[in-house]
Amino acid sequence: MTLQTPASHSAKTDDAVWASIAQEEERQEVQLELIASENHASKEVMAAMGTALTNKYAEGYPGRRYYGGCEFVDEVEDLARNRARELFGSERANVQPHSGTQANMAAFMSMLDPGDKVLAMSLDHGGHLSHGHTKNFSGVFYDFHSYGVEPGTERLDMDKVREQALALRPKLVIAGASAYSRPIDFAAFASIAKEVDALFMVDMAHIAGLVAGGVHESPVPHADVVTLTTHKTLRGPRGGMILCPKERIVKINSALFPGGQGGPLMHVIAAKAIAFREAQQESFKRYAAEVVANASALADGLSDAGIRIVSGGTDNHVMLLDVGSVGLSGAAAEDALHRVNITCNKNLIPFDERPPMEASGIRLGTAAITTRGLDVTDMGHLAGWISEILRSPEDEATIKRVAGAVSELTTRRPIYA
Ligand code: DSN
């Protein structure tokens, strides 16, 4: 198969843009990507996004469009929807959301009226912007309240969540996080929602690939609506998706289009279809298991090196390091690791006293480095390098040595081998 990727296209005239794209491709190749929400999509997924489907307007849904000439994009969207349903065992799927936040907006619009009460995880404890941040549409239009982790364990205590739900009587309970390293008990959340007569939604953006790969419990049997992104552990194109039982799909579809979006991105939907097929393969199950094994090994290695891991470790792809435990802010730690080509992001830790732009933590994830073939042995080395840099962030000899080791590893494990 010849891939028609933009990078291989012969008619490139815009030197400025292509130079930046080439540099970004090189950056990804030479850096170890530990940002927990990023991954390296396959060449086939990327190729689909550089096709003529980007030219096509297709407002509506397959068989019911507001434009002519949709016969082939209808086929593509049907493939994507059917594969999504099979992959996650969901009765219905909407594959049109441009992002996770767009998916959440449509989900909320399908279930809530402005001003309705919602209970979701606090952003400061690992929740997401679109779960009620005051400047986000969610916090502007709905009455969000938050639950968080417990001070001692830094884990969710479902009895406490239940107490809050009983006191608040929300219309919707949301589970799902961007920086929570422990399994989420979807059955317990569903039972709490039922007890207070609320609807239950799960935003599984971070763990979608782990759910698809069978290494995290699926929220689909428990939730009224499940939203996700397709580009994190699921390793597809940048975008969102909604899963739901058949009785909810009419409202969801109409909340997404025309409620929150116009024309769908058909080139991205084609890439989603390809990614869902990839995620149906045995090799993806192995990948998901390796992501979790690598995260566990990395957390153990860092912990053995004396760096405090929030909640003591991880059961999924993500971990939060309390870099205050080695005298750094999250911002300083992010910068120090960047100097040796290890990319991550500063992150608040639960009960953080620093402001978000400084933070006391960094968040690390293993989805992208596992895609490029790193294994648990590599995790031992990586933990050592991270520890050395965090302990000696200004030491030029350490920086040079670790940067050299990172370079040797990234050369040995190219992204697109
Ligand atoms: N979900 C966020 C992250 O985890 O990086 C981005 O919205």
Side-chain angles (χ1 to χ4, degrees), residues 28 31-41 97-108 120-140 144 146 148-149 174-184 201-212 216 219 226-242 260-261 268 272 275 291-292 295 298 310-311 314-321 330-331 333-334 337-338 342-350 352 356-357 359 361-371:
Q28 291 186 19
Q31 294 186 355
L32 286 176
E33 186 54 73
L34 292 181
I35 292 178
S37 47
E38 294 187 11
N39 210 328
H40 302 294
H98 303 332
S99 71
T101 295
Q102 297 292 111
N104 287 346
M105 180 185 268
F108 298 161
M121 188 154 176
S122 155
L123 179 60
D124 295 356
H125 286 203
H128 190 252
L129 186 72
S130 61
H131 300 177
H133 187 282
T134 50
K135 297 237 185 298
N136 182 262
F137 82 92
S138 52
V140 172
F144 267 82
S146 58
V149 298
I174 303 178
S178 290
Y180 186 65
S181 61
R182 299 301 185 177
I184 298 177
M201 172 180 141
V202 176
D203 178 343
M204 66 165 181
H206 262 265
I207 57 168
L210 307 185
V211 171
H216 192 293
V226 175
T227 59
L228 61 143
T229 50
T230 48
H231 51 274
K232 296 187 175 87
T233 50
L234 191 52
R235 207 166 58 183
R238 185 158 297 276
M241 182 158 84
I242 307 173
Q261 289 185 182
V268 178
K272 286 174 182 172
V291 167
V292 174
L298 183 58
V310 169
S311 88
T314 179
D315 296 305
N316 56 28
H317 65 298
V318 68
M319 68 205 73
L320 270 182
L321 276 55
E334 179 190 305
L337 291 170
H338 191 62
I342 294 174
T343 318
C344 67
N345 66 281
K346 59 183 167 289
N347 213 101
L348 291 175
I349 60 171
D352 209 325
M357 285 307 284
I362 53 173
R363 183 184 64 159
L364 308 183
T366 52
I369 54 173
T370 303
T371 292

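Counting starts at 1 for both ligands and their atoms, in listed order.
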Would you mind checking which non-hydrogen protein atom is closest to [atom], with the distance to 0.1 Å?
{"atom": "atom 4 (O) of ligand 1", "answer": "His206 NE2, 2.6 Å"}
{"atom": "atom 5 (O) of ligand 1", "answer": "Ser37 OG, 2.8 Å"}
{"atom": "atom 7 (O) of ligand 1", "answer": "His128 NE2, 2.8 Å"}

Report yes if the side chains of Lys135 and Leu129 come closer than 4.5 Å at any heavy-atom pair, otherwise no.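 Of all side-chain heavy-atom pairs linking Leu129 with Lys135, none is under 4.5 Å.
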State whether a side-chain donor-acceptor pair under 3.5 Å links Asp203 with His131.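 A donor-acceptor contact under 3.5 Å links the two side chains.
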When you check the side-chain N and O atoms of Ser138 and Asn136, is any donor under 3.5 Å from an acceptor?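 Yes, a side-chain donor-acceptor pair sits under 3.5 Å.
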Of the backbone atoms (N, CA, C, O) and the side-chain heavy atoms from C-beta on, which set of Arg363 has a member under 4.0 Å from an atom of ligand 1: side chain, backbone, both, or neither?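 Side chain only; the backbone of Arg363 stays clear of ligand 1.
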Against heavy atoms of Lys232, which atoms of ligand 1 measure under 4.0 Å?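 Those of ligand 1 that fall under 4.0 Å from Lys232 are 1 (N).
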Min heavy-atom dist Glu38 to ligand 1 below 4.0 Å: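 No, Glu38 has no heavy atoms under 4.0 Å from ligand 1.
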Calculate, to the nearest 0.5 Å, the distance between atoms CZ and CG belonging to Arg363 and Leu348 respectively.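 Going from CZ on Arg363 over to CG on Leu348, the span is 11.5 Å.
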Going from CG on Leu337 to CD on Gln31, what distance comes out if it is rounded to the nearest 0.5 angstrom?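 Between Leu337 CG and Gln31 CD, I get 11.0 Å after rounding to 0.5 Å.
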